[in-house]
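Keep in mind that this is a model prediction, so the values were computed, not measured. Numbered from 1 within each chain, the chains take letters A, B, ... in sequence-line order.
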There are 2 protein chains.
Amino acid sequence: MPTAEPLPPPPWVRGANKSGRRQLSLEAILESAMRILESEGLDAVTMRRVAQDMGTAAGSLYAHVRNKAELHELLLDAALAPVHVPEPDPARWRDQLLELLTGTARAMVAKPGIARVSMETAIPTTPNALRLMDGVLALLDAGGIPPREALAAADVLALHLTAAAYEMSVGGTPDAAAEELQRRTSQITQYLELLPPDRLSHLRAAQNLFETEEEADVDGLRLGLEMLLDGLRARSR
Amino acid sequence: MPTAEPLPPPPWVRGANKSGRRQLSLEAILESAMRILESEGLDAVTMRRVAQDMGTAAGSLYAHVRNKAELHELLLDAALAPVHVPEPDPARWRDQLLELLTGTARAMVAKPGIARVSMETAIPTTPNALRLMDGVLALLDAGGIPPREALAAADVLALHLTAAAYEMSVGGTPDAAAEELQRRTSQITQYLELLPPDRLSHLRAAQNLFETEEEADVDGLRLGLEMLLDGLRARSR
DNA sequence: ACCTGAACACCGTTCAAGT
DNA sequence: ACCTGAACACCGTTCAAGT
């Protein structure tokens with residue numbers, strides 16, 4: 001028996017309609033929105049743009065999504081979905097935690113601009129955000145950090161991670177971000193040359209390091225996270 | 001001799017014109033923009049809104065300001081102006097640094113939404129931003145932190161500070177922010193009740209602490225900064 | 001040199017009317 | 001129940017035309 005062509009869906013199931021056009025549904029909307037996010041960045045994910053992409057009117061989306069903020073939050077949730085939360089191993093909880101946090105940052109940086117959503121929403125409450133938060137708390141617990149401190153630390157770590165991911169993706173594409181950084185550093189150089197040489201002397205001294213620094217990258221993120229974890233250890237002793 | 005009424009400006013000085021309307025100038029634009037920022041938040045600071053406030057057309061502003069991003073950056077600079085950079089005292093550099101950083105955060109939180117500008121602009125390059133950065137580097141230097149580490153640390157500290165200030169002012173006014181936080185935490189509670197009790201167990205355990213946490217406040221900021229500074233000390237040993 | 005008014009190409013959200 | 005089309009109240013930016 002040869003594999004038959006997939007049959008068309010019967011007319012009574014949700015998802016089929018006579019016009020042959022893609023039925024509107026939350027999943028279809030998110031798929032479309034995610035495609036736009038990946039290719040053009042968060043700013044391009046507007047209600048009108050998504051609707052146009054689906055061949056429908058902007059108003060139609062409101063039957064499936066409360067507003068643009070909710071759509072963006074659902075995209076954030078989808079972006080976080082692939083991040084794996086490990087089974088805590090007390091022997092190497094610190095490395096596991098670093099891996100979880102940098103992995104989350106990588107997942108956000110992969111979808112241009114999505115970190116801003118996390119930044120904007122105080123505490124993200126979507127399933128995957130909560131799953132990751134629970135994972136962080138579990139690892140801190142495995143590390144013997146008392147609950148009260150653990151919660152505060154998790155907040156700080158999440159804040160740092162989100163901010164670093166955001167910073168890495170200003171201007172949309174990584175290329176644009178790197179170019180912008182370049183423009184900025186040369187602006188500083190120019191300004192310093194203009195100033196009397198005794199002003200902003202410490203910034204001036206750091207100039208040469210500045211040049212070689214290249215981009216922030218995920219390594220810049222690691223440094224901050226390690227400082228925070230070292231600080232956590234230092235102050236709980 | 002009684003104090004005379006201030007004389008009207010002579011007709012040939014910049015700033016006077018026959019229509020009696022406020023002459024357009026960068027200072028006047030910034031004044032108007034700052035008034036709107038303070039009363040309605042950053043989102044209300046649009047080219048059209050500022051122009052309307054000054055009784056002119058939106059296009060007219062472009063003679064004095066490159067674009068909206070530049071206007072916002074100038075507002076950030078103005079917001080940072082009152083922050084005082086101390087003379088470094090090696091005996092208490094750490095306290096001085098904490099004071100400088102929290103002071104900067106306070107200055108940003110005072111102008112609703114302005115922290116977002118700092119977050120959006122990778123490295124702010126306006127005079128006051130550079131002045132504060134120089135101050136941070138000076139204090140780290142006074143603390144004996146080697147230049148290379150000091151630069152990295154200053155970056156991390158600035159990132160943290162900005163992110164914390166941003167988070168404190170999501171939703172514009174502090175009231176709205178607090179309300180939003182309330183809504184979010186109760187959302188989490190609801191979601192956890194819905195889930196089987198063995199899922200997200202660490203988050204669940206933290207719930208009660210969560211409730212008593214109130215708002216992030218400037219104290220939440222201090223914790224992160226202290227963790228970072230402790231971490232800096234721990235790792236430079 | 002600076003300002004105006006209008007235009008262009010967009011936004012988010014609502015809502016009566018249709019199917 | 002869901003979708004459409006139009007409307008409302010906005011955006012940033014450009015540019016010919018005026019003074």
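Taking 4.0 angstrom as the limit, B:Thr46 places a side-chain polar atom (N or O) nearer than this to OP1 or OP2 of D:dC11. Residue B:His64 places none of its side-chain N or O atoms closer than 4.0 Å to OP1 or OP2 of C:dC2.
The A:Arg48 side chain lies nearest to D:dA7 when the options are D:dA7, D:dT13, C:dC3. Ranking C:dT4, C:dC3, D:dC3 by closeness to the B:Ala63 side chain, first place goes to C:dC3. The listed nucleotides are D:dT13, C:dT13, D:dC11; the one nearest the side chain of B:Ala58 is D:dT13.
Atom name C1', nucleotides C:dC2 and D:dA17: the rounded distance is 13 Å, in whole Å. Comparing the C1' positions of C:dA9 and D:dC10 gives an interatomic distance of 14 Å, to the nearest angstrom.
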Apply side-chain contact (heavy atoms from CB on, under 4.5 Å) to the pair B:Thr121 and A:Glu180, showing each step before the final yes or no.
-> CA-CA 9 Å; B:Thr121 46; A:Glu180 173 70 4; 5.8 Å; no

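Position along DNA chain C of the nearest nucleotide to B:Ala57 versus A:Met47 favours B:Ala57 as the more 5'-ward residue.
Legend: residues meeting side chain to side chain donor-acceptor pair (under 3.5 Å) with B:Arg48, ordered by chain and number and at least two apart, are absent. Scanning for side-chain contact (heavy atoms from CB on, under 4.5 Å) contacts around B:Ala107 gives B:Val83, with sequence neighbours left out. By the side-chain contact (heavy atoms from CB on, under 4.5 Å) test, B:Pro82 is found to be paired with no residue, residues two or more places apart in sequence or in another chain being considered. Listed by chain and residue number, A:Leu76, A:Met108, A:Pro124, A:Thr162 satisfy the side-chain contact (heavy atoms from CB on, under 4.5 Å) test with A:Ser118 (two or more places apart in sequence, or in another chain). Legend: residues meeting side-chain contact (heavy atoms from CB on, under 4.5 Å) with B:Ala81, ordered by chain and number and at least two apart, are B:Asn128.
Within the structure, every pair that satisfies the salt bridge (charged side-chain N to carboxylate O under 4.0 Å, His left out) test and touches residues 49-61 of chain B, not counting sequence neighbours, is listed here: B:Arg35-B:Asp53, B:Glu40-B:Arg49. The stretch residues 110-119 of chain A participates, sequence neighbours left out, in these salt bridge (charged side-chain N to carboxylate O under 4.0 Å, His left out) pairs: A:Glu38-A:Lys111, A:Asp43-A:Arg116, A:Arg116-A:Glu120.
Atom CD in B:Glu70 sits roughly 15 Å away from atom C1' in D:dG12 (whole-Å rounding). Atom CD of B:Gln52 and atom P of D:dC10 are 9 Å apart (whole Å). Between the P atom of C:dC10 and the CZ atom of A:Arg49 lies a distance of 10 Å, rounded to the nearest Å. For the pair A:Ile36 CD1 and C:dC10 P, the computed distance is 14 Å after rounding to whole Å. As a whole-Å value, the separation of A:Asp43 CG from D:dC11 C1' is 13 Å. Put simply, CG on B:Leu71 is 14 Å from C1' on D:dT13, counting in whole angstrom units. Between A:Tyr62 atom OH and D:dT4 atom P the separation is 15 Å, expressed in whole Å. Between the CG atom of A:Leu26 and the C1' atom of D:dA1 there is a distance of 16 Å, given to the nearest Å.
A donor-acceptor contact closer than 3.5 angstrom links the side chains of B:Gln187 and A:Thr125.
Contact check on A:Arg199 versus A:Glu193 returns no salt bridge, with no Lys/Arg side-chain nitrogen under 4.0 Å from an Asp/Glu carboxylate oxygen.
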Could I get a table of every N or O pair under 3.5 Å where one atom is in the protein and the other is in nucleotides 15-17 of chain D?
none

With both pairing distances under 3.5 angstrom for Watson-Crick or G-U wobble, and | for a partner in another strand, the correct string for DNA chain D is ||.|||||...|||||.||

